[in-house]
Colleague: 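Before anything else, here's the structure in question.
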Amino acid sequence: MQEKYHPGEIERSAQAHWDSTGAFRAAEDSAKPKYYCLSMFPYPSGKLHMGHVRNYTIGDMLARWHKMRGYNVLQPMGWDAFGLPAENAAIQNRVPPAKWTWDNIAYMKQQLKSLGFGLDWERELATCKPDYYRWNQWLFLRMLEKGIAYKKTQVVNWDPVDQTVLANEQVIEGRGWRTGAPVEKREIPGYYLAITRYADELLDALDTLPGWPERVKTMQANWIGKSFGVRFAFPYELDGKAEKLWVYTTRADTLMGVTFCAVAAEHPLATLAAQGNAALAAFITECKHGSVMEADIATMEKKGMPTGIFVAHPLTGEKVEVWVGNYVLMGYGEGAVMAVPAHDERDFAFARKYGLPIKQVIDVPGKSYSLDAWQEWYADKQGGICINSGKYDGLGYDAAIDAIAADLKAKDLGDKQVQYRLRDWGISRQRYWGCPIPLIHCESCGTVPVPDDQLPVVLPEDCVPDGSGNPLHKRADFLNCACPRCGKPAKRETDTMDTFVDSSWYYARYCSAGNDKAMVDERAKYWMPADQYIGGIEHAILHLLYSRFWTKAMRDVGLVDYDEPFANLLTQGMVLNHIFSRRTDKGGLEYFSPEEVELIRNESGHVTGATSKADGRPVDYGGVGTMSKSKRNGVDPQSLIEQYGADTARFFMMFASPPEQTLEWSDSGVEGAYRFMKRVWAYGHAVRDAVAGKPAMPEKLHEAPAATRREIHTVLKQANYDLAKLQFNTVASATMKMLNALEKMPRDADGSNAVAAECISILLRLLSPIAPHVTHALWVELGFGADILAAPWPEPLEAALAQDEIELVLQVNGKHRGNLRVKVGTDRTAIEAAALASEMAQKFMEGRPAKKVVVVPGRLVNIVA
RNA sequence: GCCGGGAUGGCGGAAUCGGUAGACGCAGCGGACUCAAAAUCCGCCGCCGCAAGGUGUGUGGGUUCGAGUCCCACUCCCGGCACCA
């Protein structure tokens, strides 16, 4: 064994040991309690980035910690292998997405191995493999049978130049990213999953997840957005026939303040009014431009135009004009809203812009209403009472809604209704690199499901998309088939599934690896639900909600017997880096990686801009943002691993900040982690002979070794507390504190060898989940055993922690003035007396008598003078 | 815009229940070793001040013997917003 620290050799040898002993192969038949440690699988974008290193180091840390605490641990890994970046790479390099994806997987797998993660590779999966995605297709067909999957129209971003559907990400300021052409909204048919049927269960079951962060549960609850309101109609006549314009509101108490209604551009009333009204037709066309993203819609200028159509107020019969508003969405609610400008901020702004009447119907005592500016209280539900509302005057929020809903019901014009913000999950994608939707279109039989025995519908792997639509349209061998019902020639569906489908159940498939007869089997019942799920906070809503829904759907098909997939959730913060971009000639956006630019900083060191190293011209600085392939701001950990080794990379990543916190990337500081690894290695060698003698701990230790031992056990106690909180940065710093203390301990006093032996064994075990290679090598070298993974997790000893004096903080009037040493167990009166008698207290009391003395046991004394 | 989160030295961060603000590192400064450099080791290190001391946790208020921590109002930054994953 070498005295100098060579991480490359140490790490190769430790990894070879784990491989040859099958250290991380998980078996179901263990008497130990199981611990399923699951990290979100990566998209194979090419190389690992720092977010992956952070994610998987956290997971590996938890897995190894639990293994040493006696759990039967499963930690699998796989690939979220379908998706848009593979098509983008194909457009750029003319390489089939399949080849690009498999090459990336091979490279990233080798990177994961070099980081020493304790993964069970025998359960590896990739969602782009037919033996995986056939089960997406199979369950989709079950959902179709149960009516959970159904067809309706969806609104998509349409690039009129490339003649293709764009992802939201591909729309930049309302234009196509490649063509720069203004994007249009287009309605096309697609398949939906009725997640809203599970809305109540998805909401209520959040209470059964104590191991989930409150913030994630709050976000999901708000996303589901259960509201109690009133669905009612404004009656009107059309060609002599009675019609109704339906709307939904949570503010029925303000119904008497309605001064107009607004409908979406796609609403039938808008279409009707546009006939013979060229201006309105033009406005409706204008509304159909722009992106479908909610953020864009919410921030764009609110515009509207009257239709000339009037409906009747359901209670007063007064005429109310219908407007078309660009902010009303057809796909949400009824595609129409009532407008109460006096008590809704958006309606208020809209009414003021177009000179529409504003009628105050809610009053809060002590406040005065003014049309000059919107005030927060106008929308207050709690303190207000109805005014200008006829028979409802004087009623509060709840009473008014009850009365108004009852009157609407009596007129058969509406009733109370529970509504959700959550919408059904549209899973159709007009893209090539995804799981084919297993349907066949037959001229005689219509849409026919592919029979189970013909699954999977295999995606051809040799297509190369060119940016102008789905290449499957040109693949005769894929497209043409026989109708399963009548046998006549038919066409396959070319839409593929949203990749969120793939990631909604992969964790259950790890547990049933290799089964070609069933989606999941008995083994899933052993391992699921996952005891710990770890992944980025950016998945707080969509991926986690879809997975919860998919689990319930699988349960209802009888595949699994659990209700929720993830018992405990750790949402790691994003790893951020600077973003640089430049507008292309066509109006698209080109990103620059941080290595390709020279930074411009202001006096305080903040980045304000940059220039390209290639051409010297300025690039736009977009602030910091999450590391992503598309923004080209990811940092490849490979150079770190090569230069310093995996242990340093892992240690630094854990040390840098607590897991849940956002981390702005900077590689200064890696040196410190590397220095620490070298010091651990050197200290191990320095005490090797002392430890080899297996020195016994004496009954009575000398003062110096006793103090060192107390410090190590105190730090260990804190570290174990921090581990339970999943606060790994202070666990890393605890190992540094331990080494500092051990290095300072004089090695000649009686018992110092025994303390060194005990404490280095504690240090190595505490450090092993973070830096498993160096600790594995030293554990063996120092003769503690053949495998540190088999060693028990260290616990602090009470005997080592005992002390007879403690130091209290002495304050005068709340200001820290000194310290006070007292024997353990000194009573309050004696502490007060000692405090008052102390020199510092006398000095700062300046002769004033003590009005009060606050004693916090074990902590401080505060004299109020 | 809406929903969720965050802000502490030059930098990353620590401070468990409201009780010594800045643990542990990075950077910096001074020193030792060296022909020299690297590596390593020792010391200093929030700001103002010679010192005593004062001051300090994004901003402004409040509660308390005592506030980074609790309350109110605000600013900026990050994540999500349903076709990035």
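Since we're looking at a predicted model, the values are computed, not measured. Below, chains carry the letters A, B, ... as their sequence lines are ordered, and counting in each starts from 1.
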Colleague: Taking protein heavy atoms under 4.0 Å as touching, what does nucleotides 45-51 of chain B look like 5' to 3' if B marks base contact, S marks sugar-phosphate-only contact and - marks none?
Modeller: -------

Colleague: Take atom C1' in B/rG62 and the same atom in B/rU69, then report the distance between them in whole Å.
Modeller: 15 Å

Colleague: Return yes if a side-chain donor-acceptor contact under 3.5 Å exists between A/Arg679 and A/Asn740, otherwise no.
Modeller: yes

Colleague: Determine the Euclidean distance between corresponding P atoms of B/rC44 and B/rG25; express it in Å to zero decimal places.
Modeller: 13 Å

Colleague: Could you run down nucleotides 58-68 of chain B 5' to 3' and tag each one B, S or - for protein heavy-atom contact under 4.0 Å?
Modeller: -------B---

Colleague: For A/Trp505 together with A/Tyr132, are the ring centres under 6.0 Å from each other?
Modeller: yes

Colleague: Show me the donor-acceptor pairs within less than 3.5 Å that the side chains of residues 38-50 of chain A make with the rest of the protein, sequence neighbours left out.
Modeller:
unit_1  : atom_1 : unit_2  : atom_2 : d
A/Tyr43 : OH     : A/Ala86 : N      : 3.1
A/His49 : ND1    : A/Gly51 : N      : 3.0

Colleague: Considering just the side-chain nitrogens and oxygens of A/Gln170, establish if one lies under 4.0 Å of OP1 or OP2 belonging to B/rA85.
Modeller: no

Colleague: Between B/rG80, B/rA14, B/rA52, which nucleotide has the shortest distance from any of its atoms to the side chain of A/Gln727?
Modeller: B/rA14

Colleague: Between protein and nucleotides 27-33 of chain B, what N or O pairs are separated by less than 3.5 Å?
Modeller:
unit_1 : atom_1 : unit_2   : atom_2 : d
B/rA27 : OP2    : A/Arg675 : NH2    : 3.1

Colleague: Both A/Pro658 and A/Val292 contact RNA chain B. Which one's nearest nucleotide lies toward the 5' end?
Modeller: A/Pro658

Colleague: Here's one to test your reading of the geometry: is the NZ or CZ of A/Lys302 within 45 degrees of the ring axis of A/Phe350 and under 6.0 Å from its centre?
Modeller: no

Colleague: Are any protein N/O atoms closer than 3.5 Å to N/O atoms in nucleotides 69-79 of chain B? If there are, list each pair with its distance.
Modeller:
unit_1 : atom_1 : unit_2   : atom_2 : d
B/rC78 : OP1    : A/Val624 : O      : 3.3
B/rG79 : OP1    : A/Thr626 : N      : 3.0

Colleague: Going by atom types only, do A/Tyr198 and A/Trp550 share a side-chain donor-acceptor pair under 3.5 Å?
Modeller: no

Colleague: Under 4.0 Å between a side-chain N or O of A/Gln430 and OP1 or OP2 of B/rC83?
Modeller: no

Colleague: Give the rounded distance in Å between these two atoms: CZ of A/Phe728 and C1' of B/rG13.
Modeller: 16 Å

Colleague: Rounding to the closest angstrom, what is the interatomic distance between B/rC11 and B/rC17 at atom P?
Modeller: 27 Å

Colleague: Begin from the C-alpha positions of A/Trp425 and A/Tyr192 and carry the test ring pair (Phe, Tyr, Trp, His ring centres under 6.0 Å) through to its verdict.
Modeller: CA-CA 5 Å; A/Trp425 175 12; A/Tyr192 284 79; over 10 Å; no

Colleague: Using the criterion of both pairing distances under 3.5 Å for Watson-Crick and G-U wobble pairs, give all stems of 3 or more consecutive pairs involving RNA chain B.
Modeller: B:1-7 with B:75-81, B:10-12 with B:24-26, B:28-32 with B:40-44, B:46-48 with B:53-55, B:58-62 with B:70-74

Colleague: Considering residues, nucleotides and ligands other than A/Glu805, do more than 12 of their heavy atoms fall under 6.0 Å from its CD?
Modeller: yes

Colleague: Scan A/Arg346 against the nucleic acid and name what it touches under 4.0 Å (heavy atoms): base, sugar-phosphate only, or nothing.
Modeller: nothing

Colleague: Just by distance, with hydrogens left out, do A/Asp722 and A/Thr730 show a side-chain donor and acceptor under 3.5 Å apart?
Modeller: yes

Colleague: Can you tell me how far P of B/rC83 sits from OH of A/Tyr546, to the nearest Å?
Modeller: 5 Å

Colleague: Rounded off to whole Å, could you give me the CG-to-C1' distance for the A/Leu544 and B/rG4 pair?
Modeller: 14 Å

Colleague: Looking at A/Pro189, is its backbone amide N or carbonyl O close enough to the side chain of A/Lys152 to form a donor-acceptor pair, meaning the two atoms are under 3.5 Å apart?
Modeller: no

Colleague: Within this structure, what is the CG-to-P distance between A/Asn222 and B/rC3, rounded to whole angstrom?
Modeller: 8 Å

